[in-house]
Amino acid sequence: MRSVLVGFDSFDPSTYESLANKNELPNLTALAGKSGYSRLKVCAPPQTEVSWTSIATGSDPGTHGIFDFVHRDPATYVPYVSILPTKQSAVGEQFIPPYTAKTIFSEAADMGYPAIALWWPALFPARLDMPISTIPGLGTPDVRGQLGVGTYATSDPAEKKEKTRVAVLKETSKGKYAGALDGPMTKTREGLQPAKLDFSLDILNDAQATLRIGTVELPLKCGQWSPIFEIKFKLGLLFNVTAITKVILTQIRGKVGLYFLPLQIHPLHSTWHYGAPKSFIKDSWTNGGPFLTLGWPQDTTALEEDCITDEQFLGLCDSIFESRKKVFYYHLSNMKEGVLAGVFDCLDRVQHMFLRDREDIVHDWYRRLDGFVGEARGKMSSLGMDKARFLVMSDHGFKNFGHKVHLNRWLAGNNYLSFSSNGGEDGLQNVNWAETSAYALGLNSIYLNVKGREGKGRVTAEQVEPLLAEIKTKLLDLRGPGGKNAVSSVLFKHEAFSGPYLRLGPDLVVGYAPNYRASSETGLGKAPQTTLEVNTDHWGADHCIDAEAVPGVLFANRDVANIPEVSFRDIPLLMIGKHLDQSYLKPPSEQNRQGQENIEERLKGLGYL
């Protein structure tokens with residue numbers, strides 16, 4: 001068995017079909033042929049981490065347990081990151097795998113075949129007990145254990161950013177500046193403080209500078225990203241943490257600006273179980289070339305906060321895509337049998353930031369990915385892999401995002417949610433639970449405040465069904481400007497999910513209509529003062545809406561057009577020739593579902609929130 005899967009995060013069928021009809025995507029059109037293309041039914045909610053996990057397991061969240069970006073501990077209402085769960089142990093807080101269901105990778109390994117998963121979401125930390133080779137994707141933290149924000153170093157002492165760290169550059173002499181980069185937290189006499197690494201910047205002329213940091217000396221050209229480089233932070237007398245990053249000199253005239261990407265795990269020197277096995281990671285790094293390790297390496301936060309320009313962001317995406325291609329091709333060239341899958345997610349980030357206002361940039365990326373498909377098929381042919389299974393697919397499509405829905409404000413306005421102070425802008429810690437029957441957390445989830453399940457529940461078993469029906473009816477009547485529906489689908493949990501984790505999922509899954517999406521504040525349980533808000537962010541398009549509105553795509557060198565309503569559940573059969581038996585899964589305990597008090601800090605680098 002030889003099966004290759006190329007995943008293009010957020011590759012949209014409508015965009016593909018439009019460009020293909022203009023003969024602009026010849027390689028995908030050739031792969032599609034007469035029966036090798038179909039729109040793909042995706043799971044609800046169509047969030048990246050939910051959908052790729054559903055594809056890998058051939059099951060919905062009721063079986064694998066990832067329902068949304070943000071989950072909650074029902075006993076305390078404290079939220080936590082679903083793809084980066086933790087537990088307390090004797091040595092402190094530890095990362096644990098987000099799910100335990102079988103995947104196409106683990107099943108292929110059980111069948112005796114090698115299995116490689118590259119940049120697949122929710123595979124951090126590495127499962128050392130499974131004989132699969134992994135480089136994890138979305139959900140991989142930075143060296144601080146968070147989803148990653150960078151550092152903007154500037155000579156302007158008045159500079160402020162909402163999420164991005166700001167470091168002041170002090171001019172030590174004409175054209176020479178000094179600064180410090182914050183690293184992982186370490187114990188000091190003053191308590192926990194970030195370890196610091198000093199650096200200097202020498203301005204050479206209007207376009208060039210030299211950066212010295214640690215043992216590294218880098219020549220910089222204004223507007224161009226540096227290569228990946230490594231730096232070390234000293235934590236105590238005997239312990240060092242090695243990180244990797246890239247830096248860009250953004251400005252010299254007027255004021256000096258320097259932007260460092262989030263400090264990322266060095267795959268060969270990680271204090272956590274980054275990927276597996278270690279020999280595979282070393283082989284990939286040494287022979288495929290260095291690569292960024294953060295789960296969200298395309299720094300949308302830096303673009304949103306004007307730390308970098310559109311062109312600089314696109315240059316970063318270019319370098320990420322090219323580095324991943326090299327690693328993918330290296331493993332493809334050495335593939336004798338088994339499963340090889342790689343997720344390429346730059347298109348997703350590009351569409352988030354440019355689909356609304358620069359569709360030309362998005363279309364360029366579709367053409368670029370089409371070229372990659374042609375290149376990959378050519379390499380497979382030269383390797384004698386013409387008969388290997390070959391799938392190209394996406395986890396969902398994409399739509400413009402014109403209005404934010406503050407769902408907790410709507411719940412409060414309809415007397416389902418009551419705040420005890422500050423009007424709800426501080427989130428769930430200020431809810432009056434004795435007068436609350438429902439609350440929203442995450443981008444598509446509503447939970448009832450059920451007695452005996454939630455820590456301060458008040459909704460009785462007899463009240464659950466009529467209350468859910470009432471909220472659903474009212475939500476479907478929520479209108480935006482021009483009288484258009486803001487919500488096109490509301491699913492009860494038993495309609496959306498099946499499996500042993502069903503009871504842990506949200507009680508309602510909200511499917512927003514195209515052009516609407518839950519606000520980032522809703523994702524964190526907050527409630528700004530209005531129900532609807534015009535979205536003026538750079539982030540102008542999204543997919544966390546009604547799953548029926550954002551199907552994915554599936555191309556294959558097999559007949560897929562004639563599979564009735566082909567869906568994420570069919571991918572294991574198409575890849576390894578069998579459906580996955582998940583019947584061994586036992587109903588989970590809620591004992592280890594611990595909230596994370598610093599969730600906003602952990603999530604800063606995730607553009608959705």
Side-chain angles (χ1 to χ4, degrees), residues 67-82 162-163 403-460 463-464 466-480 486-487 490 505-510 512 516-535 537 544 593-604 606 608-609:
F67 296 95
D68 204 307
F69 277 116
V70 180
H71 291 177
R72 95 289 185 224
D73 176 351
T76 62
Y77 305 95
V78 175
Y80 64 92
V81 186
S82 65
E162 183 179 350
K163 295 182 177 181
H403 292 83
K404 303 176 183 180
V405 180
H406 299 302
L407 190 52
N408 278 316
R409 177 54 53 198
W410 181 88
L411 289 169
N414 283 272
N415 298 316
Y416 299 118
L417 176 62
S418 174
F419 292 100
S420 55
S421 64
N422 207 25
E425 296 195 10
D426 289 339
L428 299 181
Q429 64 265 37
N430 285 321
V431 169
N432 180 353
W433 294 109
E435 297 180 7
T436 290
S437 56
Y439 60 100
L441 184 69
L443 293 180
N444 298 89
S445 302
I446 291 179
Y447 298 91
L448 296 189
N449 191 26
V450 177
K451 193 172 185 177
R453 184 185 71 180
E454 260 53 20
K456 298 179 181 179
R458 67 183 292 266
V459 178
T460 65
Q463 294 172 319
V464 167
L467 181 58
L468 289 173
E470 179 181 307
I471 295 174
K472 175 177 179 175
T473 299
K474 289 184 178 180
L475 263 180
L476 290 172
D477 198 41
L478 176 61
R479 307 285 173 172
V487 175
V490 180
D507 297 301
L508 292 173
V509 179
V510 182
Y512 297 94
Y516 294 86
R517 200 208 76 179
S519 63
S520 58
E521 291 90 346
T522 296
L524 296 170
K526 297 181 179 182
Q529 292 305 306
T530 60
T531 295
L532 297 177
E533 177 186 347
V534 175
N535 177 25
D537 298 340
C544 301
R593 295 158 55 80
Q594 296 172 347
Q596 297 166 334
E597 298 289 351
N598 59 343
I599 188 169
E600 288 193 49
E601 189 67 26
R602 291 179 190 266
L603 284 169
K604 275 184 178 179
L606 189 65
Y608 300 95
L609 299 168

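Please read these numbers as outputs of a predicted model, since none were measured by experiment.
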- Task: Heavy atoms only: give me the nearest T436-A438 pair and the separation to one decimal.
- Result: CG2-O, 3.6 Å
- Query: Counting N and O atoms only, with roles assigned by atom type, does the side chain of N414 sit under 3.5 Å from a partner on the main chain of Y416, one being a donor and the other an acceptor?
  - Reply: no
- Could you tell me whether a side-chain N or O of R453 sits under 3.5 Å from a main-chain N or O of L448, the two making a donor and an acceptor? yes
- Message: Closer than 3.5 angstrom, by distance alone: can the side chain of N408 be matched with the main-chain N or O of A440 as a donor-acceptor pair?
- Response: yes
- Tell me yes or no: between the side chains of S445 and D68, is some donor less than 3.5 Å from an acceptor? yes
- Item | Heavy-atom closest contact (Y512 atom, C544 atom, distance) | CD1-O, 3.9 Å
- So does R72 pair up with E454, basic N to acidic O under 4.0 Å? yes
- Message: Restricting to non-hydrogen atoms, name the atom on A412 and the atom on F419 that form the minimum distance, rounded to 0.1 Å.
- Response: CB-CE1, 4.1 Å
- Kindly determine whether D507 and L467 satisfy side chain to side chain contact (heavy atoms under 4.5 Å, CB included), including the steps that lead there. CA-CA 11 Å; D507 297 301; L467 181 58; over 6 Å; no
- Under 3.5 Å donor-acceptor, R409 side chain and P528 backbone: yes
- Item | Distance in Å, S418 OG paired with N449 CG, rounded so as to fall on 0.5 Å steps | 11.0 Å
- Separation between CD (E533) and OG1 (T530), nearest 0.5 Å, reads 5.5 Å
- Of the non-hydrogen atoms in R458 and A434, which two are nearest, and what is the gap between them? NE-O, 2.9 Å
- Query: Hey, which of L441, L443, V81 is the one that makes side chain to side chain contact (heavy atoms under 4.5 Å, CB included) with V70?
  - Reply: L441
- Starting at NE2 of H403, measure out to OG1 of T531 and round the result to the nearest 0.5 Å. 12.5 Å
- Rounded to the nearest 0.5 Å, the CH2 atom of W433 sits from the CG atom of L428 at a distance of 5.0 Å
- Item | Side chain Y77, main chain K456, donor-acceptor under 3.5 Å | yes
- Task: Could you go through the side chain to side chain contact (heavy atoms under 4.5 Å, CB included) check for I471 and W410 one step at a time?
- Result: CA-CA 10 Å; I471 295 174; W410 181 88; 4.1 Å; yes
- Message: Please report the interatomic distance CG(N444) to CG(L407), rounded to the nearest 0.5 Å.
- Response: 9.5 Å
- Of the non-hydrogen atoms in G480 and Y516, which two are nearest, and what is the gap between them? CA-OH, 3.2 Å
- Item | Min side-chain heavy-atom separation I446-L475 under 4.5 Å | yes
- Between the NZ atom in K451 and the OG atom in S437, the distance rounded to the nearest 0.5 Å is 14.5 Å
